[in-house]
Amino acid sequence: MMHDYDSTPYMNMLKMQQSLWQQWSDNMRSSTQQSAQPNDAFMPFFEAFKAASIPGAGGNPWAGFPQGQMPTPLWGGWQNQWTELCNGFTGLTQKFSEASGDSAVDAADWLPIFDATFARLKESFAHINAENSRQAANMCRLQFAGGMDGKTAPFMGAPKLGPLRLQQKALEEHLQKVTELAECSGKYVDYIGCIPGKALDLLREKLLQCAHEDKAITSVRELYDMWVGCMDAAAREVVFTEQYPKLYADVNNALLLVLDGSKKQMEAHNKSCGQPTKSAFDTLARRQHLQGRAIQLEVLPNLGHMHSEVKELRQQLQEALQKLTEQDWPGLVAAMEKKLDEHSQALADMAAQTKPSPKRSNKAAQSASGAAGNSNKVKHKR
Amino acid sequence: MIFPLQLRADSVLREFADFQSAWQRTAENLRDIGEPDIGAVPRTMVYQEEHAKLYRYRGDKEPELQVPLLVVYALVNRPQIADLQEHKSLLQGLLQQGVDVYLLEWCDVNEADSHLGLDDYINGFMDRAVDFVRASSNQPRINLLGICQGGTFSICYTALHQDKINALVPVVAPVDFHTPEDQLSHVVRHIDVELLARVMGNVPGDLLNWVFLSLNPIQLMQHKYVAMTDIADNPEMLENFMRMERWIFDSPDLAGTAYSEFIRWFYQQNSLVNNSLSIGGQPVRLADITVPVCNVFASADHLVPPPSSQALAKLVGSKDYEEICFAGGHVGIFVSSRASKEVPPAIASWLRQH
């Protein structure tokens with residue numbers, strides 16, 4: 001049965017968003033047409049937007065928006081940073097829209113605001129980056145190490161009797177590896193966090209270049225494409241630094257060490273339960289692999305000869321079949337009949353020539369008549 | 001100096017509405033398209049091993065070139081990129097030019113295959129496939145075309161078994177892995193690949209895919225899908241888009257040993273260039289290659305930068321060496337309409353002369 005894709009929540013959300021954008025756009029257009037001064041027409045919307053998002057003004061900065069567009073505050077501490085970022089965008093958007101439609105606006109009027117807005121955006125990105133870095137480090141600690149503190153403390157503090165000492169040591173090593181992973185992750189996220197800031201610098205440069213060349217960005221898509229180019233260029237710049245591959249490797253290697261430790265613990269557990277272990281399977285696979293190669297090395301040289309022989313035999317068979325197929329069977333039968341006739345005739349002639357003369361014995365006569373009789377038999381058979 | 005952002009509020013909102021609408025139409029059309037077929041040319045499996053299959057491709061006309069061409073692909077992704085669809089197929093183009101085409105396709109590996117190494121692939125599966133093609137075509141030497149990592153394999157193979165090769169055609173094949181623009185090489189420089197192979201067994205194809213995507217993260221993981229709405233009302237182009245998606249995200253796992261050897265020997269140690277590579281106990285020296293070589297690469301390749309392929313020129317011993325550079329990227333050289341018209345005739349023309 002085909003799933004009704006059109007009525008899925010995803011498609012419904014798309015439709016709802018689309019209708020909202022259209023509604024807003026229509027309102028904008030109609031208010032522009034009604035207004036004596038076109039620039040004023042933009043203001044009510046953006047003033048409301050701005051008023052709602054003034055830092056420290058209190059209240060929900062998204063209150064002025066229809067509910068369908070609300071970002072869900074899933075990110076906890078990130079929400080404030082996100083709001084900060086939105087404030088930056090809002091200020092930028094308002095100033096840009098004030099300047100839009102008036103190409104003669106003096107650079108002196110917008111350049112300071114332009115620079116200030118970019119600086120603020122960069123600051124917001126830096127905040128988010130710091131938060132990301134902290135979260136990345138905490139995530140590992142909380143999820144693996146820190147979260148286990150309460151559970152592991154009694155175990156780790158128990159007297160080191162019997163096999164407990166080794167088990168405590170194994171757990172301690174594992175927690176150490178997890179902590180290292182958390183630190184490496186934090187450093188890595190912190191390092192790559194400069195990418196959006198660098199991209200903003202590039203975007204600012206590109207926009208200023210456009211301004212100098214009297215080129216204008218007239219659609220969000222153009223701006224977005226430009227932003228994507230800047231982000232990838234900034235990412236490339238960061239990746240090609242000397243530090244990046246080391247930090248990248250540190251995270252990956254630390255993660256692999258954690259997985260390796262977990263695997264070893266699992267192995268020990270399976271072993272103690274008498275279960276087959278992964279390393280045992282690996283050993284078997286390795287042996288099988290080596291045996292397979294040894295067989296190949298032994299067999300392959302002979303295989304070449306066998307291939308040649310099979311090829312030769314196939315050729316001979318092909319030729320024989322070809323001859324059989326091409327044979328003129330009716331002609332062959334006719335030729336055989338003719339030959340038999342000739343033989344019969346020859347025998348008859350011989351018989352005639354050896355007709356018993358008065359001097360010949362009865363035995364010879366009998367023999368000759370027998371031969372003729374045979375000849376008749378063959379003819380009959382035919 | 002004008003203000004650079006002339007964005008009218010109503011037009012911005014209209015643009016958002018149009019985008020939503022286009023996204024909706026794209027989603028609906030993609031649903032109708034389903035999963036597009038891959039492959040344009042009929043083929044027959046002529047030889048099979050547990051880890052490799054050899055196919056012979058059949059074109060509309062009989063081969064004109066006596067010496068057959070064996071195509072060897074990388075262990076990453078599938079070789080279908082060389083025969084994606086009608087009129088976007090390197091193999092189809094070669095067949096139309098009268099080339100007798102064979103393709104060696106690697107089979108998926110499982111956990112028990114993690115010990116397969118480069119020696120198995122190059123001196124084992126490849127060598128036996130070459131022998132089969134030689135025997136079935138009655139030719140003592142055949143032509144070898146290797147794509148991407150398969151190109152590097154082909155170069156190594158030719159250095160080791162030159163008596164079986166008539167001419168070598170590496171296509172977008174990395175040779176020097178330490179060129180300044182090689183992002184992939186830069187990223188994996190310090191990864192402990194032996195630990196990775198030991199811990200993971202085989203290396204998941206999805207992990208490799210993610211690494212490739214992360215080289216151009218915003219472009220390949222976000223912008224591509226935004227730009228997809230530009231073709232919302234063109235089912236044919238959407239189908240092509242989906243076909244590429246299917247190919248990109250159908251990435252087989254890699255045998256752990258082969259992966260770690262390739263990364264360590266080539267990406268980290270650059271041993272092909274340093275003349276320190278040894279496979280199966282036999283030294284691989286590029287200077288030993290004296291058969292004709294036609295090195296094909298793409299001018300805007302972000303995975304294998306042109307200088308990485310071009311390094312072969314100075315290292316190979318052959319006096320008959322030629323380079324063909326095509327406009328396009330690593331994948332575009334196989335699937336763009338322009339490349340499909342230009343690349344196969346150029347390769348076939350070179351093969352005809354050898």
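First the proteins, then the strands, lettered A, B, ... as listed; each starts at 1. The structure displayed is predicted, hence computed values, not measured ones.
Annotation: A/Met266, atom CE; neighbour count of heavy atoms from other residues, nucleotides and ligands within 6.0 Å does not exceed 12. Within 6.0 Å of NZ on A/Lys198 lie no more than 12 heavy atoms contributed by other residues, nucleotides or ligands. Counting non-hydrogen atoms of other residues, nucleotides and ligands closer than 6.0 Å to NZ of A/Lys278 gives a total above 12. Within 6.0 Å of atom CD in A/Glu213, more than 12 heavy atoms from other residues, nucleotides or ligands are found, so the atom counts as buried in its surroundings.
For a heavy-atom cut-off of 4.5 Å, chain A lies close to B/Ile191, B/Asp192, B/Leu195, B/Leu196, B/Arg198, B/Val199, B/Met200 in residues 191-201 of chain B.
Contacts of A/Thr241 with chain B are made by backbone atoms alone, with heavy-atom separations under 4.5 Å and no side-chain atom involved. Heavy-atom distances place the side chain of A/Lys263, and not its backbone, under 4.5 Å from chain B. Contacts of B/Ala135 with chain A are made by backbone atoms alone, with heavy-atom separations under 4.5 Å and no side-chain atom involved. Contacts of B/Asp182 with chain A are made by backbone atoms alone, with heavy-atom separations under 4.5 Å and no side-chain atom involved. Looking at A/His212, both its backbone and its side chain come within 4.5 Å of chain B, counting heavy atoms on both sides. Both the backbone and the side chain of B/Gln222 come within less than 4.5 Å of a heavy atom of chain A.
Pairing each heavy atom of A/Arg221 with each of B/His223, the nearest pair is NH2-NE2, 4.3 Å. Smallest separation of non-hydrogen atoms from B/Glu15 and A/Val220: OE1-N, 2.8 Å. Annotation for B/Pro4 and A/Cys210: closest pair CB-CB, 4.3 Å, computed over non-hydrogen atoms.
Expressed to the nearest 0.5 Å, how far CG of B/Leu215 lies from CZ of A/Arg236 amounts to 9.5 Å. Within the model, atoms CG of B/Asn216 and CE of A/Met231 stand 12.0 Å from one another, a figure rounded to the nearest 0.5 Å. Note that CD1 of A/Ile195 is 8.5 Å distant from CD1 of B/Ile218, once rounded to the nearest 0.5 Å.
Considering only heavy-atom pairs separated by less than 4.5 Å from chain B, the leading option among A/Asp260, A/Thr218, A/Leu290, A/Leu259 is A/Asp260. The residue among A/Val239, A/Leu284, A/Asn252, A/Leu223 with the most heavy atom pairs within less than 4.5 Å of chain B is A/Val239. Your options are A/Pro245, A/Ser262, A/Ala216, and the one with the most heavy-atom pairs under 4.5 Å with chain B is A/Pro245. For the set B/Asp119, B/Asp120, B/Asp131, the entry with the most heavy-atom pairs within less than 4.5 Å of chain A is B/Asp120. Between chain A and the residues B/Arg189, B/Glu181, B/Arg128, the largest count of heavy-atom pairs under 4.5 Å involves B/Arg128. When each of B/Asp113, B/Leu116, B/Val187, B/Val188 is scored by its heavy-atom pairs under 4.5 Å with chain A, the top score falls to B/Val187.
Under the 3.5 Å distance criterion, the side-chain polar atoms of B/His115 are matched with a main-chain donor or acceptor of A/Asp282.
Classification of the A/Phe240-B/His186 ring pair by plane angle, with boundaries at 30° and 60°, yields tilted.
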